[in-house]
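Shown next, in structure tokens, is the structure this report addresses.
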There are 2 protein chains.
Amino acid sequence: MSSGQPLNPLPGDREPTLTIAQVAERTGLSHDTLRYYEKAGLIERVGRSTGNQRRYQAADLAWLEFLLRLRETGMSIADMQRFAALRAAGNATVPDRLAMLREHRAELADRIRVLRRNATVLDHKIDHYEQLLLDEHEYEYEQPGSEELT
Amino acid sequence: MSSGQPLNPLPGDREPTLTIAQVAERTGLSHDTLRYYEKAGLIERVGRSTGNQRRYQAADLAWLEFLLRLRETGMSIADMQRFAALRAAGNATVPDRLAMLREHRAELADRIRVLRRNATVLDHKIDHYEQLLLDEHEYEYEQPGSEELT
DNA sequence: GTAGAACCTGGAGCGCGCTCCAGGTCAAGC
DNA sequence: GCTTGACCTGGAGCGCGCTCCAGGTTCTAC
């Protein structure tokens with residue numbers, strides 16, 4: 001990109017658009033990933049400039065942000081493809097989309113629970129190591145036999 | 001495995017041991033993964049029967065369980081290798097291990113926070129879809145123009 | 001003793017989610 | 001008009017974390 005903020009030329013359109021570089025910057029996705037997502041059907045074909053360069057609109061960005069939330073919560077590309085296909089198929093698929101989201105939400109809740117449980121295991125281990133260090137200092141340097149399972 | 005519970009022959013040892021199949025069953029890891037973890041140095045070389053078959057001891061299992069907690073919380077194999085190497089190097093590495101665990105714990109806390117934030121985004125989306133369905137029924141079948149961004 | 005299941009090793013292969021590359025076209029400043 | 005950087009496409013390549021395979025050995029039940 002250049003300096004300033006170029007209002008990208010539109011293909012005879014109303015709304016201001018973003019180049020792929022600008023979308024990459026805003027979403028944190030790479031250029032390649034953005035093109036890959038489009039090729040994979042996660043996003044519908046983005047509008048083009050007269051010279052065939054991508055011009056993203058606000059709706060594209062909003063959808064990408066939502067996809068990122070799905071990705072961050074561990075949804076696979078394959079499932080996101082399914083979801084995107086349902087969305088592209090129109091309002092009649094709302095029940096299916098709702099079902100997918102509910103299931104994903106439930107799995108997410110499970111994963112959060114597991115992580116929290118594991119977090120307490122880590123805390124115990126950390127406590128254990130801290131105690132080991134304290135004991136060591138107490139006896140002024142090492143103490144074979146105070147070795148534990150870990 | 002056969003029926004009954006065979007007390008596996010020990011290599012002239014004290015403690016009861018487990019075969020790889022039994023460890024696989026208890027941990028949920030596959031035979032291949034268990035062998036892979038050993039080859040990768042995540043677990044120290046497991047004891048063998050006279051015929052060179054693995055015989056896991058309680059300490060092996062405990063360590064595996066802890067590794068699983070690390071894995072479930074998203075630690076990479078490479079980091080687990082580092083941790084395992086420190087552990088194998090003895091008590092002098094306790095401060096390093098503690099530092100690793102603390103850092104991992106902090107990252108885990110971040111990831112849980114992100115997941116919880118995303119969970120609320122999902123909840124909003126679900127609410128939105130539910131509302132769409134309600135509206136649809138209200139008007140007795142469809143309603144073009146009630147289409148949203150998603 | 002023998003059959004069949006369980007196990008061994010070294011190494012190749014795989015699915016996922018990108019990432020990189022080659023060989024071009026397009027756009028903006030001078 | 002020219003340069004330089006952003007962008008395009010199709011397809012190959014990669015790192016991770018396993019998973020599978022071939023070819024052989026061991027264990028257990030009968």
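Applying the 4.0 Å criterion to OP1 and OP2 of C:dT19, one finds that A:T33 has a side-chain N or O inside that range. Residue B:T19 places none of its side-chain N or O atoms closer than 4.0 Å to OP1 or OP2 of C:dA6. Residue B:R48 places at least one side-chain N or O closer than 4.0 Å to OP1 or OP2 of C:dT9. For the OP1/OP2 pair of C:dC20 and a distance below 4.0 Å, the side-chain nitrogens and oxygens of A:Y36 include no atom meeting the criterion. In terms of phosphate contacts, B:R54 brings a side-chain nitrogen or oxygen within less than 4.0 Å of OP1 or OP2 of C:dC8. At the phosphate of D:dC27, OP1 or OP2 sits under 4.0 Å from a side-chain N or O atom of B:S49. At D:dC18, one or more side-chain N or O atoms of B:R71 fall inside 4.0 Å of OP1 or OP2 (strictly under the cut-off). A sub-4.0 Å separation between OP1 or OP2 of C:dG17 and a side-chain N or O of A:Y37 is absent.
Checked by atom type and distance alone, the side chain of B:S76 pairs as donor or acceptor with a backbone atom of B:D79 at under 3.5 Å.
Across the protein-nucleic acid pair, A:H31 atom NE2 and C:dC26 atom C1' stand 15 Å apart, rounded to whole Å. Protein atom NZ of A:K39 is 14 Å distant from nucleotide atom P of C:dT19, rounded to whole Å. In this structure, A:D32 places its CG atom 11 Å from C1' of D:dT9, rounding to the nearest Å. For the pair B:L29 CG and D:dG17 C1', the computed distance is 12 Å after rounding to whole Å. One can place CG of A:L67 at 13 Å from P of C:dG17, the figure rounded to the nearest angstrom. Rounded to an integer number of Å, the gap from B:R55 CZ to C:dC7 C1' is 9 Å. The CD-P distance, from A:E25 to D:dA6, rounds to 12 Å in whole Å. Distance CG (A:L68) to P (C:dC18): 9 Å, rounded to an integer number of Å.
At a cut-off of 3.5 Å, with distance as the only test, no side-chain donor of A:D127 or A:Q131 sits close to an acceptor on the other residue.
Using a 4.0 Å heavy-atom distance criterion, B:R35 is classed as a base contact. Looking at heavy-atom distances under 4.0 Å, A:N52 makes contact with sugar-phosphate atoms alone, never a base.
Taking the six-membered ring for Trp and thresholds of 30 and 60 degrees, B:F83 and B:W63 have nearly parallel ring planes, at less than 30 degrees apart.
Electrostatic pairing of A:R111 and A:E107 does not count as a salt bridge here, judged by no charged N lying under 4.0 Å from a carboxylate O. The residues B:R35 and B:E38 are annotated as not salt-bridged, no charged nitrogen and carboxylate oxygen being separated by less than 4.0 angstrom.
Side-chain proximity of A:I77 to the nucleotides C:dC26, D:dT9, C:dC18 is greatest for C:dC18.
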